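Everything below concerns the one structure shown next.
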Amino acid sequence: MATTPSLDHPMFKLVKDAFPGKTFRGTEFRGESTLIVEPGDLHSVLKFLKTNAACDYNFLSDIAGIDYLNYPAKTLGRFALVYNLICLARNERFFVKTSIDPSLPTDGIVNDPALVVDSVCDLWPGAEWMEREVFDMLGIRFKGHPDLRRILLWEDYPGHPLRKDYPVRGRGERESYRVVDRTSA
Amino acid sequence: MPFTLKPDDALSVDADKASYLQNHVDTGDRWVLNFGPQHPATHTTLRLVLELDGERIARCTPHIGYLHSGFEKLAESLDYNQYVTIVSRMDYLSPIANDIAWHGAVEKLFGIDLTPRCKVLRTIMHEMARIQNHLLCTGAAGLDLNAFTGFIYAFNVREKIYDLVDYISGQRFHPDWTRVGGLMQDIPDDAMFIRLVKDLIDKEVPTAVDELERLLNRNRIFVDRTQGIGVITKQDAIDWSLTGPMARASGVLRDLRKDSPYLCFKDNWDGQGAEAVKFTVVAADEGDARARFLVRMEEIKQSCAIIRQLIDKIPAGPVDSFADSKVVKPNKKDVYGSIEGLIQHFELIMTNRGWTPPVAEVYSAQESANGELGYYLVSDGGPRAWRVKVRPPCFLNYSIMSKITEGHLLSDIVAIIGSINVVAAELDR
C-alpha cells in the first residue's frame, strides 16, 4: 500500500532556502505535507513559518506528542512532536515534526535534560496548554514556557502515562492513593 | 496536598496599572475563592481558583483534569471499531458528531470512500448533533443567568433528538453509531426516519429557537449580563487557537465544513456531480458572550437548512462501503448466511488478523459543534492505532479563560463559562 510521497509542497523549498546548511526531511501522506526538523531548529523554523509573508502560518491548531518505543517502522527518534499549522489566509494546513531521544530511563518522572525543546508560547499564546499537556503525558519539557505544570493529572503524579512503557492499567496509583481522613486533613 | 498559588508573571495583574482597577479602591485585601469543582454553573467538574479584589477578579487560574480518564491511552488497546465507544463519551452533548469525526479520520487513513447513502445519513446526524449541542449551550446560558424557562424550552427538543438517535442506533446517549466504512446498521425504515427528522427541523426545533429568541434576545437582564462580557478580539482568537462558534463570534471566518469539506459538504459527494449543501457561515464581530450566544442560535437555523436540503433525497443502496474493501464488518445476516461474510467477519475479528492500514500518520478534522474536532492518528499497520491524539475544541477554547475573565465581576464567570460551552469530558478526556 506504500506509495512514494510527493515532496512538492512549496514550503519545503522556501524553508530550505531560508536555512542554508541545516538538515531537513519531508514526508507526505494523503495530501498532507510534514516538514521534519532537528529539535534545535524547531523554534526558528516555526517562527519563520509564522512571520514570513510567503508562509503566513498564523494559526497553531495543535501539538501532538508521540512515543515511538518499539514502533515497527524506522523512526528518527524515540519521541516526536507534531505541530499542526494553519494559514488562515490561504486555508492551508502544514505539519512540522521533530524527534528527540531520551538520555535517561523513561519509566519515571526524572527531569531528563535531553527531553527539552523550545517553547512556542512566545509565538502563539495558545500553545501554553498544548505544551502543558505534552509535558503531562510524555514528560517532554519546554524551555521558556511561562507556567509548565501538569494539566490533566495531579501535580505529584508519579508517571507520564502516554509513554509506551507505562502500562494501560497504571502502576497502582489508584490502589495506593493516599487517603485523607478527618484526623489528617 | 494543599494547593498553593504559584507566581505567574504572564497572568498576574499589577493593581496599580490595571485600568479596570483604577476607579476601584484597592483594599489590599485579596482573597482566594475556589469556584467548583462541584458547582451547578460549572456544568460538570471544572475548578477555578479566583484571586479576588473585593468582587473583581484579579486572577483566574483554571484547574482541569477532574474527569481525566485516559481516553487517548485506551485508543492504543482498542481496535478501530471498538474505540468509537470511547469517543462517544468525549463531547457527550453531541456524541454522534464524535463518532463521525473519529471514523472520518480512520477512513482517511485507509483511503475509503463512503457510499452516497452513508454520507447523507452521516451528514444529517452530524447536523442533528450540532443542533443538540447548541440547544443545550444556549439553553444553559439562560439557566446560568437565571432564565430557567429557556433551559426547559431547549431541553424539551433535545429529548426528541435523543429519541431519533435511539431510533437509528438503539441507544440514546452514546450511540456508537458509525463503523469503519459505514454504519452500525442501516436506518430501520426510511419513511419513519424522514418523518421523525422533518418533524424536528420543520416544527420542534424552529419553535424552540423562536421561543428562546423571544425570551432572551431582548431580555434586559440577559443582555446586560452578556453584552461586553468576556470579549475576545479577532487577533486573540487566532493567537489562542480558538475554533468554532467562539472564533466566529470574534470575526474569524473559519468553518471546516467550507474550508476542508467532507461528507456532503464537498462537491460531487455522490460521484455523479451532486452539489455540496449550501449554508452560510455565521459570524459576528463583537466577540462577547452575547455574540457567541447569537452565533449559536443562528447556526441551529443553518443546520436545519442543511438537513432540509438532504432529507428528501436520501439515496438508495448500501450504507457500508463495498465488501471488497476488506475493512467493513459484514452484517450478521451475511455472517451466518454466506461463506464470504463469515470469512470476512473472522478476518477482522480474529486476534492474529484484523485491519491492515498503511503504516502512516494522518490528521483529519471536522467541524463539531464547538469547533475543530481533529484526530492525529499514527498507525503501525496493525488493527489498533499506535497513537491517537485528539484535538478537542473545548480544551483550546477554554485555555483563554484566565485571560478573558480578568477584571470582570465574580458573577460574570458563569456567563463566560456558559458562553464557552466547556464540556469537561472532552476537555479532560
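A quick note: this is a predicted structure, and the numbers were derived from the prediction, not measured.
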Is it the backbone or the side chain of [X] that comes under 4.5 Å from a heavy atom of chain A, or both, or neither?
| X | value |
| --- | --- |
| B/Ile238 | both |
| B/Val378 | side chain |
| B/Ala237 | backbone |
| B/Glu76 | side chain |
| B/Ser69 | neither |
| B/Glu372 | side chain |

Side chain, backbone, both or neither: which part of [X] has a non-hydrogen atom closer than 4.5 Å to chain B?
| X | answer |
| --- | --- |
| A/Arg93 | side chain |
| A/Met130 | both |
| A/Leu88 | side chain |
| A/Leu153 | side chain |
| A/Asp67 | backbone |
| A/Ile63 | backbone |

Most heavy-atom pairs under 4.5 Å with chain B, out of A/Pro125, A/Ala73, A/Gly126, belong to A/Pro125
Looking only at A/Tyr71, A/Trp154, A/Trp124, the option with the highest number of non-hydrogen pairs under 4.5 Å against chain B is A/Tyr71
Are more than 12 heavy atoms from other residues, nucleotides or ligands located less than 6.0 Å from atom NZ of B/Lys266? no
| query | Are more than 12 heavy atoms from other residues, nucleotides or ligands located less than 6.0 Å from atom CZ of A/Arg169? | reply | no
Margin query: Are A/Tyr83 and A/Lys97 packed together at the side-chain level, in the sense that at least one heavy-atom pair is separated by less than 4.5 angstrom?
Written below: no
Partner of A/Asp118 under salt bridge (Lys or Arg N to Asp or Glu O under 4.0 Å), picked from A/Lys47, A/Lys143, A/Arg141, is A/Lys143
Margin query: Would B/Lys258 pass as a cation-pi partner of B/Phe279, given that its NZ or CZ must be under 6.0 Å from the six-membered ring centre and within 45 degrees of the axis?
Written below: yes
Taking the six-membered ring of A/Tyr57, is NZ or CZ of A/Arg90 closer than 6.0 Å to its centre and within 45° of its axis? yes
- [ ] For the pair B/Tyr376 and A/Phe95, name the ring-plane relationship: parallel under 30°, tilted 30 to 60°, perpendicular over 60°.
- [x] tilted
Whether A/Tyr157 and A/Tyr166 hold their rings parallel, tilted or perpendicular, with breakpoints at 30° and 60°:
tilted
- Query: Looking at B/Arg391 and A/Asp62, does any basic side-chain N land under 4.0 Å from a carboxylate oxygen?
  - Reply: no
Using the ring centroid of each side chain, check whether B/Phe71 and B/Tyr83 are separated by less than 6.0 Å. no
Of B/Leu67, B/Ile400, B/Leu109, B/Val390, the largest count of non-hydrogen pairs under 4.5 angstrom with chain A goes to B/Leu109
